[in-house]
Amino acid sequence: MSLVDRHVGFVHALREAGLPVSLAEGLDAARALRVIDLAERGSLRAAYAATLVKRPGHRAAFDVLFDLWFPPATTGLYGERPEEPRETAGRPGPHGDTGGPGRPDPEPAGRDELRAHLARLLMSGADADAELRGFARAMVERFGRQEAGPGRQNWFSYSVLRALSPETLMAGILREVLAGRERGGLAEKSARQRVNDGIRRFEEAVAADVRRRIAEDSGVERIARSAVRPPLDQLDFLRATRADLARLRREVHPLARRLAARLTIRQRRGRRGRLDFRRTMRASLQTGGVPLTTHFRPPRPHRPELVILCDTSDSVSSFAHFTLLLTYALREQFAKVRAFGFVDTVDEISRFFQPGVDVVDAMTRLAEEADMVRFGRTDYGHALERFAERYGDAIGPKTSLLILGDARSNYRPPALDVLGSLAGRARHAYWLNPEPRRQWDTGDSVASAYATVVPMSECRNVAQLTAFIERLG
């Protein structure tokens with residue numbers, strides 16, 4: 001593959017991974033390649049990053065794809081390798097390698113030597129990063145291969161990590177570093193931090209080399225599509241893991257402030273303040289005392305009120321988790337926020353988000369104490385009826401109503417008239433649906449029917465939520 005082909009494929013892979021790379025930026029990167037030493041892989045990475053990466057959150061995906069399209073090494077996977085003499089088998093070679101593929105595992109003493117060498121690298125810090133990556137490549141070659149048939153082989157990270165067990169090296173390293181000094185002090189904390197960072201870098205190096213070898217076998221385009229998670233702002237709420245939701249917490253508060261600002265602007269638009277009698281009379285002197293032009297005081301600014309109605313069923317559990325994070329953040333931006341959760345009945349959950357309460361504790365209490373489930377099957381119609389019956393007074397002419405859910409009601413009556421009555425009493429009403437638009441009205445979805453009553457927007461990730469907030473302005 002030529003350099004031009006690699007460049008074009010790399011830029012295309014970045015776009016497929018969700019990074020916004022324009023044609024002009026791709027040309028800028030190509031021009032940058034003309035003024036650097038292409039043999040310096042670090043300079044090549046820096047040139048591409050400077051021209052193609054716009055946000056810190058995109059850097060992780062960029063690094064994974066760069067390592068696939070511009071690997072630090074290549075391997076002739078199917079070429080014949082000469083056999084080592086028997087007396088050298090099991091001894092660490094360059095970078096700690098113990099032999100070629102297909103040979104039996106080294107004797108326990110040989111594996112102990114490898115673990116001791118890894119322990120030294122873990123304590124060396126970033127200074128030995130290049131040696132650590134070389135050692136990881138050698139260990140993948142030694143332990144990561146599994147034969148999958150004639151001429152075929154698979155590569156795995158877990159077999160390398162299982163063979164070396166880097167997480168079990170901590171105790172021995174601490175004994176050597178502390179050398180009889182008291183435990184629990186600054187020296188131990190510093191050593192633990194250094195070892196943990198080293199283990200993380202070793203695991204990442206092993207995973208990167210496994211991806212490289214699979215790409216050589218299956219094609220870099222194929223592995224690139226599955227190896228990169230989308231950027232945080234494009235991560236699908238319904239596929240978010242617990243770790244992803246923890247990262248999303250940092251994105252929620254700025255969005256809450258912008259949403260509050262947009263709803264405040266919409267409440268002020270087209271609304272005048274009280275008549276400014278003094279300015280009006282002063283202006284009338286220019287027209288012979290006839291007040292042809294009236295002047296008004298600016299409307300008194302106020303924070304809007306918000307009611308959130310959130311589907312908390314298992315089918316949208318990750319989205320519900322995110323919307324509860326959003327609720328927690330919105331509490332600080334509105335004069336009054338009342339939140340309600342439902343599955344097949346509804347309960348007010350505002351009490352779990354009082355000032356000073358940790359959001360994780362609030363969600364734990366909500367799952368244990370809130371009365372949102374009768375039979376466990378989502379029933380939007382019954383939940384709306386119960387909400388109107390028990391909490392209908394929560395919505396008034398100063399209230400914005402925000403409904404969050406997938407509009408899948410298990411073929412139960414949707415209670416459109418009840419929703420229309422609630423939306424009619426509110427100043428504004430919006431519905432955010434975490435499902436792709438193409439799945440609306442499939443199966444038990446009644447999304448379009450609800451959308452005729454309340455404007456419904458697809459909201460599968462932070463980027464779409466941001467776009468929804470911008471449209472409000």
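What you see is a predicted model, and the numbers here were worked out from it, not measured in a lab. Here, residue 1 is the first one in the sequence, and each next residue gets the next number.
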What is the minimum heavy-atom distance between [X] and [Y], and which atoms define it?
X: Ala447; Y: Met456; value: O-CE, 3.5 Å
X: Ala29; Y: His7; value: CB-CE1, 4.0 Å
X: Gly405; Y: Asp311; value: CA-CB, 3.8 Å
X: Leu65; Y: Ala17; value: CD1-CB, 4.0 Å
X: Leu465; Y: Cys459; value: CB-SG, 3.7 Å
X: Asn461; Y: Gln464; value: OD1-N, 2.8 Å

Side-chain ion pair, [X] and [Y], N-O less than 4.0 Å:
X: Arg115; Y: Glu113; value: no
X: Arg45; Y: Asp67; value: yes
X: Glu141; Y: Arg137; value: no
X: Arg212; Y: Asp209; value: yes
X: Glu435; Y: Arg460; value: no
X: Asp444; Y: Arg408; value: yes
X: Arg437; Y: Asp441; value: no

Mind checking whether [X] and [Y] have side chains closer than 4.5 Å, heavy atoms only?
X: Ile349; Y: Phe340; value: no
X: Phe342; Y: Thr312; value: no
X: Tyr430; Y: Leu401; value: no
X: Arg201; Y: Leu132; value: yes
X: Leu402; Y: Val307; value: no
X: Asn433; Y: Glu458; value: no
X: Glu131; Y: His117; value: yes
X: Tyr450; Y: Leu384; value: yes

Counting only N and O atoms by type, is there a donor-acceptor contact under 3.5 Å from the side chain of [X] to the main-chain atoms of [Y]?
X: Glu25; Y: Ser22; answer: yes
X: Trp431; Y: Asp406; answer: no
X: Ser43; Y: Ile36; answer: no
X: Asn410; Y: Thr378; answer: yes
X: Arg6; Y: Trp69; answer: yes
X: Ser165; Y: Thr168; answer: no
X: His382; Y: Asp344; answer: yes

### Message
For Tyr380 together with Phe387, are the ring centres under 6.0 Å from each other?
### Response
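No.
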
### Message
For Arg377, I'd like to know if atom CZ has over 12 heavy atoms of other residues, nucleotides or ligands within 6.0 Å.
### Response
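12 or below, so no.
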
### Arg55 CZ: over 12 foreign heavy atoms closer than 6.0 Å
no

### Message
If you apply the rule side chain to side chain contact (heavy atoms under 4.5 Å, CB included), what do you find for Val140 with Phe135, and how did you get there?
### Response
CA-CA 9 Å; Val140 172; Phe135 180 77; over 6 Å; no

How many angstroms lie between atom [atom1] of [X] and atom [atom2] of [Y], to the nearest 0.5 angstrom?
X: Asp347; Y: Arg351; atom1: CG; atom2: CZ; value: 4.5 Å
X: Phe70; Y: Tyr48; atom1: CZ; atom2: OH; value: 3.5 Å
X: Leu3; Y: Leu33; atom1: CG; atom2: CG; value: 6.0 Å
X: Arg162; Y: Ser157; atom1: CZ; atom2: OG; value: 12.5 Å
X: Arg211; Y: Leu68; atom1: CZ; atom2: CG; value: 6.0 Å
X: Leu118; Y: Arg111; atom1: CG; atom2: CZ; value: 13.0 Å

### side chain to side chain contact (heavy atoms under 4.5 Å, CB included) assessment of Met170 paired with Leu174
CA-CA 6 Å; Met170 180 71 76; Leu174 290 178; 3.9 Å; yes

### Message
Under the criterion ring pair (Phe, Tyr, Trp, His ring centres under 6.0 Å), I'd like the reasoning laid out for Phe62 against Phe10: C-alpha separation, chi angles, the key distance, then a yes or no.
### Response
CA-CA 9 Å; Phe62 168 86; Phe10 177 52; 5.7 Å; yes

### Task
Please test Val346 against Met372 for side chain to side chain contact (heavy atoms under 4.5 Å, CB included), starting from the C-alpha separation and ending with a verdict.
CA-CA 5 Å; Val346 66; Met372 299 178 292; over 6 Å; no

### Task
Apply side chain to side chain contact (heavy atoms under 4.5 Å, CB included) to Leu169 and Val195, showing your working.
CA-CA 9 Å; Leu169 297 172; Val195 172; 5.9 Å; no

